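This report refers to the structure that appears directly beneath it.
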Amino acid sequence: MAILLEGRKVSRNFGGLAALLNVNFQVRSGEIVGLIGPNGAGKTTLFRCITGVHPPTFGRILFKGEDISKLMPHHICVMGITNTHQVVKPFPEMTVLDNVRVGAFFGKGWVRGEVKDATQEALRVLEFTGLTSKANFLARNLTLPDRKRLEVARALATRPELLLLDEVVAGLNPTEVDRMIRLIQQLRESGITIFMVEHVMRAVLSVSDRLIVLNFGEKIAEGPPDEVARNPQVIEAYLGKNYASGKSHYA
Amino acid sequence: MSRSWKLWVGGPVLAFLVLIPFLELQGGYLQTLGFLTFLYITMSTAWNILGGYAGQTSFGHATFYGLGAYTTCILTLRGIPALLTIPVAGMIASLYGLLWGYPCLRLRGQYFAIATIGVGEATRLLMLNLDDLIKNNSLLKGFLQKGVLTGGATGLMLPTPPDIQAYATAFYYGVMGLMFFALFVSWRVKNGKFGLGLFAINMDMDAAETVGVNTTRYKILALMLSAFLVGISGSIYAQYVFYIDPQTVFGFPMSIAMVLMPIIGGIGTLIGPVLGAVFYIVVQDRILTANLNLGLIKLSLSSLHLLVYGGLLVLIILFEPKGLLGVHHRFNIWWNKRKRRSLAATEKA
Amino acid sequence: MIKLNKFFPSIFLFVLLSMIIPETGFAQGPKEIILGAALPLTGGQSREGGYVNKAYAMAIKEINEAGGIMVKEYGKRIPIKLIIYDDKSDNTTSVQLYEKLVTEDKVNVLMGGYGTPLITAHTIVAEKYRVPYVNGGGATGAIYQRGMKYIFCIISSIEKLSFTLMDWIAIQQNAGKVKRPLKIALVGENTSHGKEFRQGVLEKSKAAPDRFSVVMDEPFELNMKDADPLLQKVKAANADVFLADARLADYTTIHRRYTEMGLYHLIVSYGPRGPEKAARDALGPASDYIVSCNWWNKDIPTPATKAFADKYQKTYNEQAEWFAATAYEAFRVMVKAIEDAGTLDKPKIRDALAKMDMRNSLVVGGRVWFEPNGQINNDHLIMQNMPGGKVALIHPKDVATAEAIIPIPKKR
Amino acid sequence: MLDVKNIHVSYGDAQALWDVSLAVSRDEIITLVGSNGSGKSTTLKAISGLVPLSSGEIRFEKTRIDRLHAYRIVEMGIAHVPEGRRLWPGLSVRENLELGAYIRTARNVKKETMEWVFKLFPRLEERISQLAGTLSGGEQQMLAIGRGLLSKPKLLILDEPSLGLAPLLVDEVLETIQKINRQGVTILLIEQNVTRALSLSTRCYVLELGRIVLSGTGQDLLADERVKAAYLGL
Amino acid sequence: MIVSAILLAGLYATMSYGLALIYGVMKIVNLAHAGVMMWAAYVAFILIVHLGANPFLVPILIAPVFFVFGVLLQRYVVQRVMGAPPISSLLLLFGVWLIMQNISYLVFSGDTKAVTTKYTLMTFQISGISISINRLVVFIVGVLALVVLRQFLGHTYMGKAIRATAQDKEASKLAGINTERVMETAFGIGTALASLAGSLMALIFAFDPDFGRSHLLKGFCIVVLGGLESMIGVALGALVLALAEALSVLWLMPALQDFVSFALLVIVLIVMPGGMKELVDRLIRP
């Protein structure tokens, strides 16, 4: 599979503190890659580097071989990378349909100014994400699971090749988590590459092809989920040293 | 149902507006009132494109109004037909919008608002002193005609045509057309891609950016469009009153009026700014000319106009962010409830 | 989309509201001559607007007590009624209100407001509907140089004001009181008023380079906060005479700072400002010896002036300022024009105004007549503040009450 | 001492806690564990009055506190050291500590408390006039705990005190917490480092998706595979 | 000229402290500041001219009254929009300002008023420069206000609580600080400072109900120059603005003096939103 997104020694400083340090990563077309790590490990920062909100201080990010590390977020979006936000950011006073239409109008799948086309595209995405019945609700009146869906729908309407999902299942109950996982799998089937930050391990393990683990802004592990889960460094980062050694004891 | 209603109500209203100059109602005063109302609706609608749709509160829109008015006067006095100057006025206002909008629109929320106050006042002072500045500069001297470009504080006077009344009637229709044009633009913006982008910026700038909205460009375009319409309004105002001076057309009260009208009417909507402008003119007309007798104290209501606007602003911000439109909605809900209740009551009986 | 039927109740309510309020306004009575004016009763010019309002009220009362205006056409005296609106000192509003006066209220004639920008804006309306318009508060000459036919003003131009002032200084030179040539520091507020004042002074000094040389000429922003930069320039100019044109607030601000900085000139004038009570209270002895050039003063030794000043004092318990006097006189001029015309026909009243020659007037020279452009062209009155809050009239000769004290004595 | 009964909490329409109940007795160290977004921080915020309950009740020493302003809860004797430390970076170490003793009862004994805190964290005394924002991560955490202690709390709530600290410092901080507990302060703690947390606490609650799924003594839970599942999903 | 600019800076600083304080704690741009200055000028006028109060005592007399006014304004009006986007508080306070102006028009009419006292025109000489007593007093008050304010913010519990709330509201709540009380106090102090400036300005300038608008803009300019929150920064900003205005006369018409401050406001906002502090930081750190 071709490399879709590649980061080379991506670093990001905030006021002298390194939030990311020399992170190398690759995302291939058609993959679902999970990004995990304890709180403050730099996962969201990495996403922000990719989407151009906080461009990397050093290092380069390549999308289909093109350097995108200096581009504005809207430009990156039009190139085919979209993200959802950890704290959902719907446009609260707009209807669900309009929220998605913004994505349809402005994203990569740019519909040339035709309201009708954009609306159709938006409706198609709503159908796909199961929000059709709520198309005319104001976004602020949605429940959290629906807002998360809307976040995905809006991103999807931009017709991304690469979708960055930042904790889309956080705060959902188990049934809702399952529904979201199914949606993510459907997305992959429709040909979209997915790079996701997730804390709910059940979700991330069940869908990811590969995991990348960050700790203190550095990459500490990478590989298939089960392999990563056995990685002592990862266990230490999550459970502490004693647990890692204790595990063998209990086992 | 709704379409026929629109025809039944909208048709006669439109016919009435068109016929006003012939009806000589209130001795023709209604025509003046109509002219001003249309002009203010245009400006209110124009401000709303930037302030309402895109959410960028500007206290500096008088700069466009003034610039439009001055462009027309300066060009007309140099022999260019007045009608031709109208689009030029709009474009110059628009370019000025680009000039200060580009840096200022990078500021967010209240910083932008404050910067626009500064821009507005600075522009007024500059226009007030422009002639003297040019006089002292050998390079620019050529722009002066008999030592006058902007006329400084004296302002500029236009020659009056022989038949002012017919001229005024023509302008009545002209500005009515302008208003419909502005409303059409506003409607197109609101229901098109452009408006969707502006709304997205208004709701959440970062989220808009990540779904591909070029926020800087859209904000500037909104400002320029808004400035264009306000510039034309200024141009028409100048041609209607034949006299402009910087304190009036560049004055802070003008900017305030443009902020107040859409907020009173219902910010970010199509009809809100119209309601606000009509309200503004009617209140101004009625309040400035009425007296209130409270037994011993005779109060001239005119001394209360700031209180009315200020009070409304406070009440709207505190209780009804959607302005008159919001009040109308509540009223409607209440009305329907009452109707339903009375219906239920009759059924019971 | 908008559904109009939903709007119906609200629209209904709104229309109802907008129809109720006018009932509290003025109802037209029959058999009245209606005059109309919009005055700046609030906003930047409300102080002056207030004086005009009081003067008009006094004039109406006087005339109605005498039974109204004798109109020959109807063979009887008809009472008058004045409709006054507040224009918030705002041009656009003012125009709107004058339109309203002419069209809705159907006034017979229009009276002026106060302030050059406002009056400039009014004149269009008066001219448009061909309604005679007389004012006593918009002196700027430019207003009357536009070939308008229905506009009249009973105060002579600001340019004339500076001419009078300069002529008077020339007289002082002739008398050997001050040297020639004199170096002049000239400042004026950045309004048409100030501009015209400065132009007048410049013109006069250009015409007589052996007498005057203007070494500094600067406009300043209205309602200035800090007079320092301006006065630093004045100080640096090292002039003999300080001529300024300012409104009350700026006059106070500038002259305070002037005194604090210890500046001195042989002659100091703030154009029409000087003897106002508010300023003298604010400045105390620092306002002594300031020369002012103005349209009217209560001490003009003519019976008409005395009668007006006394009556005003009695009615409002305050001293009459020139704003009130000229407004009062403008009103009387209009009344006389209606009487002369003997009809309420507007063009005829206009013709009567154009032919006006009113004697025993309050104005300097005692006579009101109009130049073809509609503005009076009489002399101004020059006054000087004297110690102890007194004011001396020093020019022209026929009304002078005292000799000018020139040059200004140096303090300490 | 602290009794949380069946609380539900929502942010807007999004429910974050479902029917959470827990109890803290005097002199205990209680730990909340669970993955991110499981509602641990929200539980603590609900206790200290930063987020309102939609139902349920919280009692502290028999008094209901779930309707009180945050500052009133501090006055009752609960100090909350928030996640990410949340110092006032532009204030000096001394000022940060002094403001910790803002409530009236604490002000009177400020001097003694301060000495006690300095004994616990000698490093803070060295840095007394430095701005809080210039301290290192570990020092900032010490200051945050110290600030909490200056209100003379009966119950100290700590939200991830080891977040972002190097392993050596984590040990040091956790040891100090135990020391504080031994000196008579009850502790309610969120700790990511599960093993350490469990081994030092008397009892634990495991949260998952806004619900309590497990509770027991530290030793019991340490042996429970479900704890590991909560973290790694295995 | 430099001396008079420095004296003026004292006044500029006094009128900006309150703005900076309220902005710092609540992130609110207080447009009603101008209204308060204007009201204070009128109250000072009444006290001095009609009741014969000592002009230099008046500011001390009226500050507490306006403190209470500020507290009430915050508690019953501004508090309601604390959670809303900042632009609504800006518009709200703009409305309050309009109302205050209108009340002044009703009570005092639009007349320009000026306060005259026996000190008004007194000057004394220092090495050839004459200095007005009034201005010197105003300057001293400006400096004193800075000292007192710093003492208050640095050494009292309430002062520190105000600073703490400005930096982190939630953490302050957790430390047992009643942040609503703190915000009321801060708004009250900000209002009292505005009234202090207003009553001092009444001694120097003539005023009317529209008084304060351009001062307000200058205040913004100063606060932004000063880096938005620090009081020392405000004092420095005031100095910079006063000097810039004074020096601009060398190459600009005096009529454009205000233009300098408005243009400076816009430029500073755009170029260095962190104020002079940021600029200095940038210069020091390569």
Side-chain angles (χ1 to χ4, degrees), chain D residues 12 41 44-45 47-51 68-92 94-108 110 129 131-133 140 143-153 156-159, chain E residues 20-21 23-27 74-75 79 82-85 149-186 223 226-234 274-275 277-278 280-281 284-285:
Chain D
S41 289
L44 299 194
K45 282 183 181 172
I47 293 169
S48 57
L50 288 183
V51 298
L68 297 181
H69 270 287
Y71 73 92
R72 291 276 300 122
I73 294 172
V74 179
E75 283 171 3
M76 300 207 45
I78 299 179
H80 182 163
V81 179
E83 185 182 358
R85 306 185 271 270
R86 304 292 283 274
L87 298 168
W88 299 296
L91 267 56
S92 70
R94 180 195 293 280
E95 283 171 329
N96 267 283
L97 290 174
E98 278 173 349
L99 277 174
Y102 187 80
I103 57 169
R104 209 150 294 279
T105 44
R107 267 186 224 187
N108 303 332
K110 188 177 73 182
S129 48
L131 289 188
Q140 287 195 4
L143 180 55
I145 297 172
R147 182 178 69 183
L149 287 176
L150 264 147
S151 68
K152 288 295 280 178
L156 182 66
I157 297 178
L158 298 157
D159 194 343
Chain E
L21 188 67
Y23 181 82
V25 176
M26 278 162 283
K27 306 291 177 270
Q74 163 70 18
R75 184 176 300 171
Q79 186 66 46
M82 282 313 288
L149 205 57
R150 272 187 67 82
Q151 286 296 316
F152 170 75
L153 290 177
H155 297 279
T156 64
Y157 265 101
M158 185 42 100
K160 284 180 206 164
I162 286 176
R163 284 162 66 209
T165 308
Q167 289 178 25
D168 193 329
K169 200 155 121 191
E170 194 164 90
S172 305
K173 277 187 188 168
L174 289 178
I177 295 170
N178 183 350
T179 48
E180 279 172 24
R181 259 266 291 292
V182 166
M183 287 191 286
E184 280 163 16
T185 312
V223 172
L228 291 171
E229 278 158 41
S230 110
M231 296 300 141
I232 294 274
V234 167
K277 191 173 160 288
E278 189 187 273
V280 173
D281 283 355
I284 294 170
R285 253 189 253 151

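Everything numeric here is computed off the predicted structure, so don't read it as measured data. Here is how names work: the chains are called A, B, and so on, in the same order as the sequence lines, proteins then strands, and each is numbered from 1. Heavy-atom basis, side chains included; hydrogens, waters and symmetry copies ignored.
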- Query: Should we say atom CZ of D/R107 is surrounded by more than 12 heavy atoms from elsewhere, each under 6.0 Å from it?
  - Reply: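 Buried by this count: over 12 neighbours within 6.0 Å.
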- Task: Would you mind reporting whether E/S172 and D/Y102 have side-chain heavy atoms less than 4.5 Å apart?
- Result: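 No, side chains not in contact.
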- Item | Heavy-atom pair count under 4.5 Å with chain E, highest-scoring of D/I103, D/I157, D/L99 | D/L99
- Interface check, chain E: of D/E75, D/H69, D/R147, D/E98, most non-hydrogen pairs under 4.5 Å belong to D/E98
Working to the nearest 0.5 Å, report the span between [atom1] of [X] and [atom2] of [Y].
X	Y	atom1	atom2	answer
D/I73	E/K173	CD1	NZ	10.5 Å
D/L44	E/L174	CG	CG	10.0 Å
D/R86	E/Q167	CZ	CD	12.0 Å

- Message: Using modelled atom types and a 3.5 Å cut-off, is there a donor and acceptor pairing between side-chain atoms of D/W88 and backbone atoms of E/A164?
- Response: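 Checked: pair present.
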